[in-house]
Amino acid sequence: MKILQKSFFSRDALVVAKELLGKLLVRRDEQGKLIGKIVEVEAYKGKGDQASHAYKGETQRNKVLFEGPGLAYVYFVYGNHFCLNVTTNERGVVLIRALEPIKGIRIMKRRRCVRSYENLTNGPGKLTQAMNITKEQYGTDLTKGPELFICAPQKKEKRLKIVSSKRIGIRVAVEKPWRFYIEGNKCISRK
DNA sequence: TGCTCGATTGTCT
DNA sequence: GACAATCGAGCAC
């Protein structure tokens, strides 16, 4: 498998977001190896995007956004959920909203306490729980592995049909159509 | 130091 | 479809 390099992430958040669809998120921990295909993302630009965590400048929570592309930005929200983002150029980020489970499904089911395959990773809080991603992974370099990284699938994907829509769950800059997902995939979070 | 609110989810109706 | 749970970051004072 080919790990995505810094050059992949050091581009505009919108470009990185679209190209991340169909790529594989790989997590390796004491329980084994987990793989999920990225099927839904949202892009947040650093500059001029009010919904971005970097918009108001550097803080304790978002400092990794200022440290360069290809890093994991994990944060805690609503008292019990983590969200996984990848940094891009110019303080932009891509929020990974949903995965299609590929490997380690049994472990994911145990962690999530659910039986259905579609319900394992079809939401930002769900996928971090299934893949055991917490603030421990804050700042992890996703281009190095082996604990957590993103790679291109071995088989060449068929041309994906990508749909864009408005971003979910935010109050400002809601009009921007910067959410992207693979049309027809069962594992996306909302239609 | 204390208050407010959130890039969500699961449960109940 | 509506809403409570839950806790830490961010901000005001």
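In what follows, chains carry the letters A, B, and so on, assigned in the order in which the sequence lines appear, proteins first and then strands, with residues in each chain numbered from 1.
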- Query: Can you pull the ring-ring contact (aromatic ring centres under 6.0 Å, His included) pairs that have at least one residue in residues 112-143 of chain A, sequence neighbours excluded?
  - Reply: none

- Query: When you list every nucleotide of DNA chain C with an atom under 4.0 Å from a heavy atom of chain A, which one comes first 5' to 3', and which comes last?
  - Reply: dT6(C) to dC11(C)

- Dot-bracket for DNA chain C, 5' to 3', with Watson-Crick and G-U pairs under 3.5 Å, [ ] for crossing pairs and | for other-strand pairs: what is it? |||||.||||||.

- Note on the structure: Arg106(A) meets the side chain to side chain donor-acceptor pair (under 3.5 Å) criterion, sequence neighbours left out, with none

- Item | Residue list, side chain to side chain donor-acceptor pair (under 3.5 Å) with Gln31(A), at least two apart or on another chain | Arg110(A)

- All pairs passing ring-ring contact (aromatic ring centres under 6.0 Å, His included) where residues 29-74 of chain A contributes a residue, at least two apart: His53(A)-Tyr73(A), His53(A)-Tyr75(A), Tyr73(A)-Tyr75(A)

- Which residues pass the side chain to side chain donor-acceptor pair (under 3.5 Å) test with Asn122(A), sequence neighbours left out? Lys126(A)

- In this structure, which one of Arg167(A), Lys18(A), Lys186(A), Arg179(A) forms a salt bridge (Lys or Arg N to Asp or Glu O under 4.0 Å) with Glu40(A)? Arg179(A)

- Among all residues two or more places apart in sequence or in another chain, which pass the side chain to side chain contact (heavy atoms under 4.5 Å, CB included) test with Thr59(A)? Arg61(A), Asn62(A)

- Whether each nucleotide of nucleotides 7-13 of chain B has a protein heavy atom under 4.0 Å at its base (B), only at its sugar-phosphate (S) or at neither (-) is summarised, 5' to 3', as BBSS---

- Could you pull out all residues at least two apart from Thr128(A) that satisfy side chain to side chain donor-acceptor pair (under 3.5 Å)? none

- Kindly write out the residues that satisfy side chain to side chain contact (heavy atoms under 4.5 Å, CB included) with Gln129(A), not counting sequence neighbours, or none if the list is empty. Arg112(A)

- Test side chain to side chain contact (heavy atoms under 4.5 Å, CB included) applied to Glu136(A) - qualifying residues, sequence neighbours left out: Thr134(A)

- Message: Taking dC5(B) as the reference, what is the distance to dC3(C) when you measure between their C1' atoms (whole Å, please)?
- Response: 16 Å

